Amino acid sequence: MEQLPQEYYQLLEEIQSVDFVIVELTLYLDTHPDDYNALQQYNQFAAYSKKLKDNFESLFGPLEQGSLIKNTDYWSWSSSPWPWQV
Amino acid sequence: MWKYEKKLQYPVKVSTCNPTLAKYLIEQYGGADGELAAALRYLNQRYTIPDKVVGLLTDIGTEEFAHLEMIATMIYKLTKDATPEQLKEAGIDAHYVNHDKALFYHNAAGAPFTATYIQAKGDPIADLYEDIAAEEKARATYQWIIDLSDDPDLNDSLRFLREREVVHSQRFREAVEILKEERDRKKIF
Ligand SMILES: [Fe+2]
């Protein structure tokens, strides 16, 4: 496995922390569906996560099926490392 | 359906190759209160539980699969560079003989995963109480593993998982209250 730049870990951890907020808000909203503030926060973080992932994927390849294949003319799903390899 | 994201829910780092810790962690992979049991338990209960808590079971069940992947990553990283000699020293020679370094769904004592670890009663309160108990048992197991582990990087990820069990338990308790409230309202009208 070739060495990944520090930036890979930084950007990934940023996504992980934003997505963690989304998971937390999701479970909270499952039992508090009419909490308007939580709903607002959820939407904010969902938009932020999408932005971060767009940037990450343009540098390091797709994070999920359905993402645009950027900067490349080949199927890059399997060419970046898997989560347990980094 | 499910969608896979090519990332862990929380970073998993390990300080050193340590098959002994991997041996403990297998408990949370294929053990009675492990992540596989949790995911299968919650997702299976969804079909017969009142609509108000289907979302919660779906979301927690899905998160448990993310935890399963974290545990697998820990075990993989703790054993990938181990020699057969080190595996023997750690007491996982019996696993090695059967599976090499492949992961397998069994508990720390080597007993294979079984569906009898999980229950589905079709009674929403009974099912949710089982879920709360499962979360508390998983939380306790993580605590015992943290107590045995001297790997600071690994313990950071284990503490994250332990805290998730606390939150899941809390949400399941709220689900019980939601259903009780709904039941009482039906009795009144
Ligand atoms: Fe859990």
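Chain letters run A, B, ... following the sequence lines, proteins first, then strands; residues in each count from 1. Because the structure is a prediction, the values reported are computed rather than measured.
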Hey, does the Lys NZ or Arg CZ of K6(B) hover above the aromatic six-ring of W82(A), less than 6.0 Å from the centre and inside 45° of the axis?
yes
Below 4.5 Å, heavy atoms only, C-beta onward: do R171(B) and H32(A) meet side chain to side chain?
yes
Using non-hydrogen atoms and a 4.5 Å limit, figure out which bit of L12(A) sits close to chain B: side chain, backbone, both or neither.
side chain
Name the orientation class of the two ring planes belonging to Y4(B) and W77(A) (parallel below 30°, tilted from 30 to 60°, perpendicular beyond 60°).
perpendicular
Nearest heavy-atom contact between E5(B) and K53(A) is OE2-NZ, 2.7 Å
Residues, nucleotides or ligands: over 12 heavy atoms within 6.0 Å of Y42(A) OH
no
Would one find more than 12 heavy atoms of other residues, nucleotides or ligands at under 6.0 Å from atom CD of E181(B)?
no
Contacting moiety of E177(B), where chain A heavy atoms sit under 4.5 Å:
neither
Quick check for you: to the nearest 0.5 Å, what is the distance between T31(A) atom OG1 and R173(B) atom CZ?
13.0 Å
Let me check something: do Y129(B) and L179(B) share a hydrophobic cluster, defined by ILVMFWY side-chain heavy atoms less than 4.5 Å apart, either directly or through other members?
yes
Looking at F65(B), I want to see if its CZ is surrounded by more than 12 non-hydrogen atoms of other residues, nucleotides or ligands under 6.0 Å.
yes
Could you check whether atom NZ of K121(B) has more than 12 heavy atoms from other residues, nucleotides or ligands sitting under 6.0 Å from it?
no
Under 4.5 Å from a heavy atom of chain B, the part of Y9(A) involved
neither
Interface moiety of L29(A) toward chain B, non-hydrogen atoms closer than 4.5 Å
neither
What is the distance from atom CG of D59(B) to atom CG of D30(A), rounded to the nearest 0.5 Å?
4.5 Å
Measure K13(B) against the heavy atoms of chain A and call it side chain, backbone, both or neither at under 4.5 Å.
side chain
In one Ile/Leu/Val/Met/Phe/Trp/Tyr side-chain cluster, 4.5 Å: L4(A), L52(A)
yes
Derivation of the salt bridge (Lys or Arg N to Asp or Glu O under 4.0 Å) call for K7(B) and E57(A)
CA-CA 12 Å; K7(B) 66 174 173 64; E57(A) 289 179 324; over 6 Å; no
Pairwise distance OH(Y28(A)) to CD(Q170(B)) - rounded to 0.5 angstrom
10.5 Å
Side chain Q16(A), main chain L8(B), donor-acceptor under 3.5 Å:
yes
For a 4.5 angstrom cut-off between non-hydrogen side-chain atoms, does L27(A) reach H168(B)?
yes
Considering only heavy atoms, which portion of F160(B) lies under 4.5 Å from any heavy atom of chain A: side chain, backbone, both, or neither?
side chain
Working for salt bridge (Lys or Arg N to Asp or Glu O under 4.0 Å), residues R164(B) and E24(A):
CA-CA 9 Å; R164(B) 296 312 294 150; E24(A) 266 292 70; 3.0 Å; yes
Any link between L57(B) and L36(B) through a network of hydrophobic side chains (Ile, Leu, Val, Met, Phe, Trp, Tyr) touching at under 4.5 Å?
no
Does a side-chain heavy-atom distance below 4.5 Å link F20(A) with Q9(B)?
yes
Can you list the residues of residues 96-120 of chain B that sit under 4.5 Å from chain A, counting heavy atoms only?
none
P33(A) portion near chain B, given a 4.5 angstrom heavy-atom threshold
neither
Quick one: do V18(A) and L25(A) end up in the same hydrophobic cluster if we chain Ile, Leu, Val, Met, Phe, Trp and Tyr together by side-chain heavy atoms under 4.5 Å apart?
yes
For residues Y10(B) and I145(B): do they belong to one hydrophobic cluster (side chain heavy atoms under 4.5 Å, members Ile, Leu, Val, Met, Phe, Trp, Tyr)?
yes
